[in-house]
Amino acid sequence: MAEPTLDEWKRMYYALVRIRQFEAQVQRLAGAGEIPGFPHLSTGQEAVAVGVCAHLSRDDVLFTSHRGHGHVLAKGSDLERTFAEILGRDSGLCRGRGGSMHLVDSGAGVLGATGVVGGNLALAAGAAWAAQAQGKNTISVVFFGDGTTGAGVFHETLNLSALWRLPLLFVCENNGYAEFTSREEHSNVQHVSSFAVPYAIATKTIDGNDLPTVYAAAHEAIAALRRGAGPYLLECMTYRMAGHYVGDAQPYRSKEELAAIKEKCPIERLKIRLVAEGVTQQELDEIGERARQEVLQGVERARAAARPDPATVLDHVYRSPSLHSIP
Amino acid sequence: MAEPTLDEWKRMYYALVRIRQFEAQVQRLAGAGEIPGFPHLSTGQEAVAVGVCAHLSRDDVLFTSHRGHGHVLAKGSDLERTFAEILGRDSGLCRGRGGSMHLVDSGAGVLGATGVVGGNLALAAGAAWAAQAQGKNTISVVFFGDGTTGAGVFHETLNLSALWRLPLLFVCENNGYAEFTSREEHSNVQHVSSFAVPYAIATKTIDGNDLPTVYAAAHEAIAALRRGAGPYLLECMTYRMAGHYVGDAQPYRSKEELAAIKEKCPIERLKIRLVAEGVTQQELDEIGERARQEVLQGVERARAAARPDPATVLDHVYRSPSLHSIP
Amino acid sequence: MQYTFIEILRRALDEELARDGAVHLLGEDVAAGGAFGVTRGLAQKYGDKRVRNTPISEAAITGLATGAALCGLKPVLELMFIDFATLAMDCLVNQTAKYRYMSGGQVAVPLVVRTQAGAAGGAAAQHSQSLEAWFIHVPGLVVVAPAAPAEAYGLLKSAIRLGDPVLFIEHKRLYTMKETLAEGAPLPEIGKARVARTGTDVTIIAYSAMVQSALEAAAELARVGVSGEVIDLRTLLPLDMTTVATSISKTHRVVIAHEAVLNGGVGAEIAARIGSELFDELDAPVGRVGCPFAPIPFAPGLEQALLPGSGAIVHAVRELLGAPAQARE
Amino acid sequence: MQYTFIEILRRALDEELARDGAVHLLGEDVAAGGAFGVTRGLAQKYGDKRVRNTPISEAAITGLATGAALCGLKPVLELMFIDFATLAMDCLVNQTAKYRYMSGGQVAVPLVVRTQAGAAGGAAAQHSQSLEAWFIHVPGLVVVAPAAPAEAYGLLKSAIRLGDPVLFIEHKRLYTMKETLAEGAPLPEIGKARVARTGTDVTIIAYSAMVQSALEAAAELARVGVSGEVIDLRTLLPLDMTTVATSISKTHRVVIAHEAVLNGGVGAEIAARIGSELFDELDAPVGRVGCPFAPIPFAPGLEQALLPGSGAIVHAVRELLGAPAQARE
Ligand SMILES: Cc1ncc(C[n+]2csc(CCOP(=O)(O)OP(=O)(O)O)c2C)c(N)n1
Ligand SMILES: Cc1ncc(C[n+]2csc(CCOP(=O)(O)OP(=O)(O)O)c2C)c(N)n1
Ligand SMILES: [Mg+2]
Ligand SMILES: [Mg+2]
């Protein structure tokens, strides 16, 4: 792997802060009642999104979960249209039909988020199968949480993808929680990578809060995938710095646990490295401020956008014109 | 483990032949059109049923699959009533409602077979949970095939039973096939026991056609279960000597494969051992003939039994009397 | 005393846990109170063996509860959203519902599956469905859908005591509704509807949150001189056609309303039965109100445009009565 | 040339595989011909990459097919028994059906899920169900249920070419039925019913195997001077109410028949629509024939006692016509 240049690291720093700021705006506006539903923030998990997606082209396809804003942004979806979707605007990626948990942006290779835990793992395998069948060199990536390994379809998909040698990258963000319940109450299995072993699926457990670590591991995994080596399971140990969803009071987290958050923060950690490589605090602040401004402007434009026309509510149920009139 | 006496081995020999003869009658009468549906024979897999059930009491509960006749007989269900059920008679275990794939005999601790692959693995875990919650020392056993490991609920149940330390014995009869398709086309995972490893579930892969091996392994597993050590997965390598169901022409099996069947036969193998221990061929023949006679008589009584009264077809849908009149 | 829907469910569970040691709660996060707080405090009170967290394994936990019910426990399983019951259909339909029948009556499955349904405020397509119609098509199940807190209290307790598998559907929009509980009232019988408002001109049949819309509609109709009788079905399987027939014999006009998709909904069955059993009583075609044929969209404006409410009921009633139709709500 | 139902499905698949490289077959044992032999020989002809065996993983293979459909393949997935569709409901309902809508029309899911349903000869409770009613309640799906070989041929080809997700339900009792294929006939349009027999006194609406029972019933009724018109719906979602209305405007009497459990079945929706849209055309209540409320029992005598057939249809028609009722078939 060619080590990224300092400029490239700075761009990734920008990408981290951009997601962080995006989520901050989601939190703020959800608190203000402007965002419908119950958005789940990826705050604290940004390094996984940025480190993995750095290796993807637009033609590679990505699937994500209920906690998917960061992945979608990192894959290249338009920030304003992504926020507009989360606000339920007509200019949103899905014209306001999907919302936070159902982001799809086919032009950017974002083939969708799911609100059902584990609901799209097999779809991601299907996308990988299509690429394989069509003789393409693209891959399919699916992001999911550690709690998702309780779902049977995760194991069915491991088996299938190993058997068919599908170009499918499983990226597990192991944040130690499923909703309000810690991993220990969900499973005896500490590391999700263990599940890959019976299938001889290549796997690695890494520090998911350290961007350079994620970047390097994803590089290796994706290179293997493009060589046709079959599926790969990358387990990224990470930490959700926010509640399960906006509004979660987190009584299940101790003061000590919350106090240790800053040390885990992937932005702080990349900052230390960049400073060590000679980047000034001022430059980092400037990058951060640029990211903040981009987000704020995108958010404001999204907020100003029109809401979907209620008269169109029955559009898009079917593709075939002959089916449009079902009462 | 106290080694069984020679008399006990002979009784188990009897039990093997009894199942073999039972299945032969199922095959014969299915061929003659007397048995509805499509029964699946356990011919060749008898040692698993007998070796495991030797350690169970009536209060232990058993769940089985579409290939469950042997397990039910070995657990202690009445032969005539079992056959009567397979014939669809009113004297059958389930009064003719269940049939071959849905044998239930609550008095004998047979809590049921399933026609849906993997459909009762979690039910078996639930029975184990009930025993645990009630402070009983009984265990729950579930028999299933290797193809069943493709079903997500198998993995969900592994996780749950490990997490809750349930007294649940998983017995996989790995016969190398799921219907007409060999194990290699179903999974890269050669041994089902591998699936237990991530959960740290105790497991062993054994020669399932050798009754003494099954007997000893089941003894060890069940003793651990009764000590509260949590679930155990026993993988029994075995061979289905018949087709997938009665009528399967088996084009997928080579001549060579079929020619080697006799060497695998658990009855032949136990015979060799008993002869080595001094049992005469004549005594073995006599035991076999007794088993055959028991089966033939049970089958004839079952055949002579009455069919269910069509007027009762709507009985047993609900327990609550107030719900009986749903149109 | 006044209770919200959530509080009253908690009280019912609390009392049943105390009354019968066989009762156990299980589900994702239930020991932490559950996603909506229904079970809050119960793990502390009854221990984490009686109120158990589970992994995210809808298929296995439904099987687990069913197997335990076969063996003497009386589990109350929480499936967080009815949308996730899709993951438990094999068990619910092929095992839970059929076990007693397939065994020729040897066993029973005293199980309650509590779940939560309906649309509210942008929960979107995968967290907003009303799927009860699937379950009334499954012999062996019982389906209950309470319309208000006090009702939910009694129905949940009756469901736990019934001895057959009950799907107990709570509506998320009702969770904050408050009501006073009449202490010591007898528990309602599963399978009996209630008349939620009496009237003479038209019968409005509803269940779950739509009963509240039906009552609003009846109030609005009363202002224009139309007397609506509102029937709260309470139990969708079995259906209480006696109560329905009594009402229609009086009003001769009926509208059935539910939030679920109209096509293939519970209302179809009710309309078909009325059309057949009460053909001669009807002065007008049976009116049906339900969700038009689309998934639930995320944007609130779209969601509202799609969801039927009291306005749609009023509209349907006025159509039946031959009054000039008004714009949909 | 004459084909059995199985042979004609095979021919349709063969032709579609040859016509369009995007078409792929997948399912348990399909490379070995499938449990019923429908796909026999196709793996040999098109290779085991176009006709692929899968593990016993109904949830994952349905997701796999859906994901592939999003990315340019046109998968034809076989779910061996509709009873096992219970394991794929999350995908079918929450993903497959809703993907296009939730994405605001960005993507489509050109997928056919072939499955096999119905009772025959002791397949028992878990291999005999008719669950189509669930799927007509799911916006985004199309449901097709052919009644005879030549019909199945055209409908399967149309389904593969449609571009929306289709659940294609075959009835196991029809598999051995033989019919001549009219070569070169135009493919039927998805969503259009057909009149399978013309008549003037009563309309009998059916689909799948029940169309054969309806035709038998009509023949029997003809012998006593009753002229029955039989409508084969072909597509259950969407319903072709135009064809239904045309017929009822002529006959003024209607019986709807299906093998599925009566309560909450497709017949309920049809009856409700007729009762509402054709209220003034009806001279008698809408008759419904379906399975009484129990799982399918194993013993053939019980199975026959439960299943509705031509006798039940004749009985229902005679009741409508006011003739003295006879004993159920
Ligand atoms: C099938 C299903 N069951 C339950 C839920 C409710 N739920 C939403 S997120 C979540 C926890 C998921 O945990 P994990 O996979 O670790 O992801 P994280 O939230 O930690 O990112 C649960 C249980 C759901 N959405 N889908
Ligand atoms: C969920 C489900 N899918 C498919 C089937 C059809 N089927 C019946 S038996 C079987 C093979 C099962 O293989 P295995 O578990 O190895 O058991 P064996 O038949 O070898 O004993 C299949 C696919 C089924 N019954 N249930
Ligand atoms: Mg997590
Ligand atoms: Mg096998």
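Per chain, numbering begins at 1; letters A, B, ... match sequence-line order. Everything numeric in this text was worked out from a predicted model, so none of it was measured.
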Best-contacting candidate, His102(B), Arg89(B), Met101(B), His244(B), against chain D by heavy atom pairs under 4.5 angstrom: His102(B)
Residues of residues 178-198 of chain B near chain D, each having a heavy atom less than 4.5 Å away: Ala178(B), Glu179(B), Phe180(B), Thr181(B), Glu185(B), His186(B)
Side-chain heavy atoms of Thr149(B) within contact of Ile56(D), under 4.5 Å: no
Residues of residues 28-39 of chain B with any heavy atom under 4.5 Å of a heavy atom in chain D: Pro36(B), Gly37(B), Phe38(B)
Part of Leu262(D) within contact of chain B (heavy atom distance under 4.5 Å): neither
Under 4.5 Å from any heavy atom of chain D - which part of Ile86(B): backbone
Contacting region of Asp83(D) [heavy-atom separation from chain B under 4.5 Å]: neither
For chain D, the option from Arg97(B), His316(B), Glu85(B) that forms the most heavy-atom pairs under 4.5 Å: Arg97(B)
Minimum heavy-atom distance Val116(B)-Gln126(D), with the two atoms named: N-OE1, 3.3 Å
Heavy-atom contact with chain B under 4.5 Å, split by part of Ala123(D): both
Minimal non-hydrogen separation, Gly98(B) against Ala124(D), with atom names: O-CB, 3.8 Å
Chain D contact via Asp309(B) - which portion, at a heavy-atom distance below 4.5 Å: backbone
Per-residue contact mode, Thr86(D) against chain B (heavy atom under 4.5 angstrom): neither
Closest-packed option against chain B by number of heavy-atom pairs under 4.5 Å, given Gly301(D), Pro297(D), Pro55(D), Pro300(D): Pro55(D)
Ala305(D) to Pro310(B) - nearest heavy-atom pair and separation: CB-CB, 3.7 Å
Neighbour count >12 (heavy atoms, 6.0 Å) for atom CZ, Arg307(B): no
Nearest atoms (heavy-atom pairs only) where Leu302(D) meets Gly96(B): CD1-O, 4.3 Å
